[in-house]
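Read the structure below first, then the notes.
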Amino acid sequence: LRLGACKHHFFSSGKKVFNQTFNIGGMGTVDLNSVSQLLKRKITFPRRAEIQKYEMNVLKLNKKYSLKSSIEYLQDFLKQL
C-alpha cells in the first residue's frame with residue numbers, strides 16, 4: 001500500500017503519516033503446507049519444484065500498528081469466505 005498517494009492516513013496512534021510507503025502484511029511467513037491444512041485440501045507440486053521463500057519487511061508498519069502473524073491474518077481471511 002502506498003500511502004504517499006494519500007494526503008494523510010491515521011494509524012491507531014492517531015498521528016498523521018505523510019508521504020510514506022509501507023509494506024502491508026503480517027509478521028513471519030506462511031508455508032503452503034499450512035495453507036493446505038487450513039483449507040483442508042491437498043495442494044500438490046511437481047517433485048522438483050523450486051522452493052522459494054519471500055518475507056516482506058513490515059517492521060516500519062509494526063512500529064505504527066501492532067501486527068498479527070501472517071497465519072493469523074490468513075485464518076481471519078478464510079473465515080470471511
Side-chain angles (χ1 to χ4, degrees):
L1 174 65
R2 181 163 176 133
L3 295 179
C6 303
K7 290 196 175 191
H8 63 273
H9 184 80
F10 290 95
F11 285 95
S12 60
S13 65
K15 295 181 180 179
K16 291 182 181 181
V17 176
F18 293 93
N19 298 319
Q20 295 288 317
T21 301
F22 290 86
N23 292 325
I24 303 297
M27 300 295 286
T29 59
V30 178
D31 63 67
L32 292 174
N33 287 326
S34 297
V35 173
S36 176
Q37 290 173 0
L38 289 171
L39 293 174
K40 297 181 175 104
R41 292 185 181 174
K42 186 176 181 180
I43 300 174
T44 58
F45 300 95
R47 289 181 189 231
R48 297 184 187 258
E50 181 182 350
I51 296 173
Q52 296 185 8
K53 182 178 179 180
Y54 179 75
E55 187 170 359
M56 294 185 305
N57 183 343
V58 293
L59 296 176
K60 182 177 174 182
L61 177 62
N62 196 47
K63 289 178 184 178
K64 301 281 185 187
Y65 180 80
S66 181
L67 295 174
K68 295 189 270 186
S69 69
S70 295
I71 193 80
E72 289 174 290
Y73 284 120
L74 176 59
Q75 290 168 329
D76 290 348
F77 173 75
L78 293 174
K79 287 176 189 174
Q80 295 178 25
L81 297 179

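Computed from a predicted structure; not experimentally measured. Residue numbers run from 1 in the order of the sequence given.
To the nearest 0.5 Å, the span separating CG on Asn57 from CG on Asn62 amounts to 10.0 Å. In this structure, the separation between CD on Glu72 and CG on Leu67 is 10.5 Å, given to the nearest 0.5 Å. If you take CG on Leu32 and CD on Gln37, they are separated by 11.5 Å, rounding to the nearest 0.5 Å. Atoms CG and NZ, from Leu38 and Lys40 in turn, are 8.0 Å apart once rounded to the nearest 0.5 Å.
For Asp76, the salt bridge (charged side-chain N to carboxylate O under 4.0 Å, His left out) partners are Lys68, not counting sequence neighbours. With sequence neighbours excluded, the residues forming a side-chain contact (heavy atoms from CB on, under 4.5 Å) with Ser36 are Ile43, listed by chain and number.
Dense packing is recorded around CZ of Phe45, with more than 12 heavy atoms of other residues, nucleotides or ligands lying under 6.0 Å away.
No side-chain heavy atom of Arg41 sits less than 4.5 Å from a side-chain heavy atom of Val35. Side-chain contact check for Val30 versus Tyr73: every heavy-atom pair is 4.5 Å or farther apart.
Cluster membership check: Tyr54 does not share its hydrophobic cluster with Phe77, using side-chain heavy-atom separations under 4.5 Å among Ile, Leu, Val, Met, Phe, Trp and Tyr.
Heavy-atom minimum distance, Gly28 versus Ser70: O-OG, 2.7 Å. Here the closest non-hydrogen pair linking Met56 and Ile24 is CE-O, 2.9 Å.
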